[in-house]
Amino acid sequence: MVDVPTWHRCIQDKLEQKAIDVLRSGRFVMGSEVASFEQEVADFLGSKYAISCASGTDALILSLHGAGIGPGDEVLTTGYTFFATVEAILQVGAVPVLVDIDAETFNIDPAKLERSITSRSRAVLAVHLFGLPAPIGQLQSICDRHGLTLLEDCAQSFGATCQARKTGNHGHLGAFSFFPSKNLGGFGDGGLVVTHDPEAAKTVKMLRNHGSTEQYHHQCKGYNSRLDELQAGLLRIKLEHIEAFNAERRQIAQWYRELLHNSIVICPEDDQEHVYHQFTVVLPSQRDMVKKRLIAKGITCAVYYPVPLNKQQALAGLVNECKLPVCEWISQHCLSLPIYPGMTREQVETVVHALVEEMYLLGGTHRHSTLHDDSLC
Ligand SMILES: Cc1ncc(COP(=O)(O)O)c(C=O)c1O
């Protein structure tokens with residue numbers, strides 16, 4: 001889905017030089033690259049504290065601990081996200097409560113969320129899916145009304161804004177992933193927790209390093225979850241370019257929007273800035289066949305996600321018994337198309353042409369109602 005060499009072309013020399021510098025430094029864990037990265041990423045996101053860790057999954061687990069979530073607490077979240085969101089809730093001993101999504105945005109539906117609150121509810125874990133901010137204003141009002149903590153899974157939304165503030169800064173804590181395909185993708189696993197709360201920051205910092213603030217003195221049981229120097233050094237270079245990379249993703253999405261018509265559904269509100277981690281369309285029919293035929297033509301595309309969380313085998317008996325009709329419908333009809341910095345308009349046209357052709361041949365739609373630009377057919 002992502003052409004990494006194309007994406008990194010403009011910074012490849014700097015990345016290679018940084019890798020050499022770190023290798024020669026002899027310092028690989030908790031050194032100056034990590035300290036500088038944490039400062040720079042906090043400045044970029046507008047967060048008071050930024051604490052790096054080993055993965056986005058760990059960032060979620062550390063955030064839940066930082067918010068004091070533990071055994072028996074119910075955490076409400078979307079039924080349509082990567083498994084790690086719910087896995088993290090289970091890892092801290094809490095109970096995930098899955099909520100259905102809005103068919104237009106793929107993000108959690110605030111009205112359905114409010115109806116799922118019980119006396120055991122402690123927190124809402126909002127996921128900014130595919131780079132589009134969740135309806136954070138409405139989620140915050142619900143949390144305020146019911147005394148719940150708002151947390152954010154920003155794994156897919158690095159740099160996205162909502163109400164003029166970057167995602168991660170709306171809730172008590174925000175968790176990011178630097179998995180290579182993410183908007184700020186590293187060169188292996190990595191993650192980050194942000195917060196404005198000094199106590200939560202202290203807890204997260206201690207937990208990521210074996211529950212310790214001073215070497216060989218341990219205040220509590222923690223984790224070995226540190227970002228390494230090489231990742232931090234390389235991420236610092238990518239961070240310098242993230243605004244440009246996200247702007248490119250928006251331009252590519254704009255081309256897709258221009259060329260496609262009926263099948264696009266994700267539509268940001270005026271006060272939200274999407275960062276298009278994915279560009280996802282909804283096909284009325286024959287999704288799996290269209291996907292297969294696109295791949296046969298050399299066009300990569302993928303289904304995020306084919307199984308909603310209420311249908312995941314691993315979660316049977318661990319999450320609330322629920323019906324999530326919108327999640328289930330979307331999981332059967334969505335298709336994510338390639339999007340990455342460096343992708344050209346010509347490549348977008350090739351993808352759209354092939355997509356529309358397959359949909360037409362399979363009888364899913366009429367091409368004239370799907371394309372603005374008939375010359376592509
Ligand atoms: C929404 C979401 N949450 C959490 C994660 C977990 O991040 P990581 O793979 O860095 O552990 C991911 C990554 O795929 C994700 O997409």
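Note that the structure is a prediction, hence the values are computed from the model and not measured. Counting convention: from 1, in listed order, for ligands and their atoms alike. When reading the values below, keep in mind they use all heavy atoms of this one structure, side chains included, and skip hydrogens, waters and symmetry mates.
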Student: Taking 4.0 angstrom as the limit and counting only heavy atoms of S177, give me the atoms of ligand 1 inside it, by number and element.
Tutor: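 So the atoms of ligand 1 that pass are 7 (O), 8 (P), 10 (O).
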Student: Could you tell me whether the side chain of R249 reaches within less than 4.5 Å of the side chain of N183, counting heavy atoms only?
Tutor: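 Yes - at least one pair of side-chain heavy atoms lies under 4.5 Å apart.
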Student: Nearest protein heavy-atom contact for atom 15 (C) of ligand 1: which residue, which atom, what distance?
Tutor: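 Of the protein heavy atoms, A155 CB, 3.5 Å lies nearest.
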Student: Is ligand 1 under 4.0 Å from a heavy atom in the side chain of D153, in the backbone, in both, or in neither?
Tutor: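 Answer for D153: side chain.
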Student: Quick one: SG on C143 to CG on L113, what's the gap to the nearest 0.5 Å?
Tutor: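 Reported to 0.5 Å precision, the distance equals 7.0 Å.
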Student: For ligand 1, which is the ligand I care about here, please tell me if Q156 has any N or O atom under 3.5 Å from one of the ligand's N or O atoms.
Tutor: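 Yes - when backbone and side-chain N and O of Q156 are compared with those of ligand 1, one distance drops under 3.5 Å.
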Student: Find out whether T77 and V99 are in side-chain contact, i.e. whether some heavy atom of one side chain is under 4.5 Å from a heavy atom of the other.
Tutor: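 The answer is no; the side chains never approach within 4.5 Å.
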Student: In chain order, what residues pass the side-chain hydrogen bond (donor to acceptor under 3.5 Å, both in side chains) check against T118, with sequence neighbours excluded?
Tutor: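 Residues passing side-chain hydrogen bond (donor to acceptor under 3.5 Å, both in side chains) with T118: E74.
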Student: Go through the side-chain N and O atoms of K221 and H210 and say whether any donor and acceptor fall under 3.5 Å apart.
Tutor: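 The answer is no; no qualifying pair exists.
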Student: Among all protein heavy atoms, pick the one closest to atom 11 (O) of ligand 1 and tell me residue, atom and distance.
Tutor: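 I find the closest protein heavy atom is T57 OG1, 2.5 Å.
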Student: Any atoms of ligand 1 less than 4.0 Å from a non-hydrogen atom of T81? List them with their elements.
Tutor: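 Answer, ordered by atom number: 1 (C).
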Student: Look at atom 8 (P) of ligand 1 and find which of S157, G56, G185 reaches it with the closest heavy atom.
Tutor: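 Ranked by closest heavy atom to atom 8 (P) of ligand 1, first place is G56.
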Student: Has H277 got any heavy atom lying under 4.0 angstrom from an atom of ligand 1?
Tutor: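 Flag not set, H277 not near ligand 1.
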Student: Which other residues belong to the hydrophobic cluster containing V75, where Ile, Leu, Val, Met, Phe, Trp and Tyr are joined when side-chain heavy atoms lie under 4.5 Å apart, directly or via other members?
Tutor: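 When side chains under 4.5 Å apart are linked, the cluster holding V75 also contains Y49, I51, L60, I61, L62, L64, I69, I89, V92, L125, L151, L173, V193, V204, L207, Y223.
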Student: With under 30° as parallel and over 60° as perpendicular, where do the rings of F130 and Y80 fit, or are they tilted in between?
Tutor: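 Rings of F130 and Y80: perpendicular, as their planes differ by over 60°.
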Student: Given that the side chain starts at C-beta and the backbone is N, CA, C, O, which of these parts of L60 lies under 4.0 Å from ligand 1, counting heavy atoms, or is it both or neither?
Tutor: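 Near ligand 1, L60 shows its side chain, while the N, CA, C and O stay back.
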Student: Starting from atom 14 (O) of ligand 1, which protein heavy atom do you reach first, and at what distance in Å?
Tutor: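 The protein heavy atom lying closest is K182 NZ, 2.8 Å.
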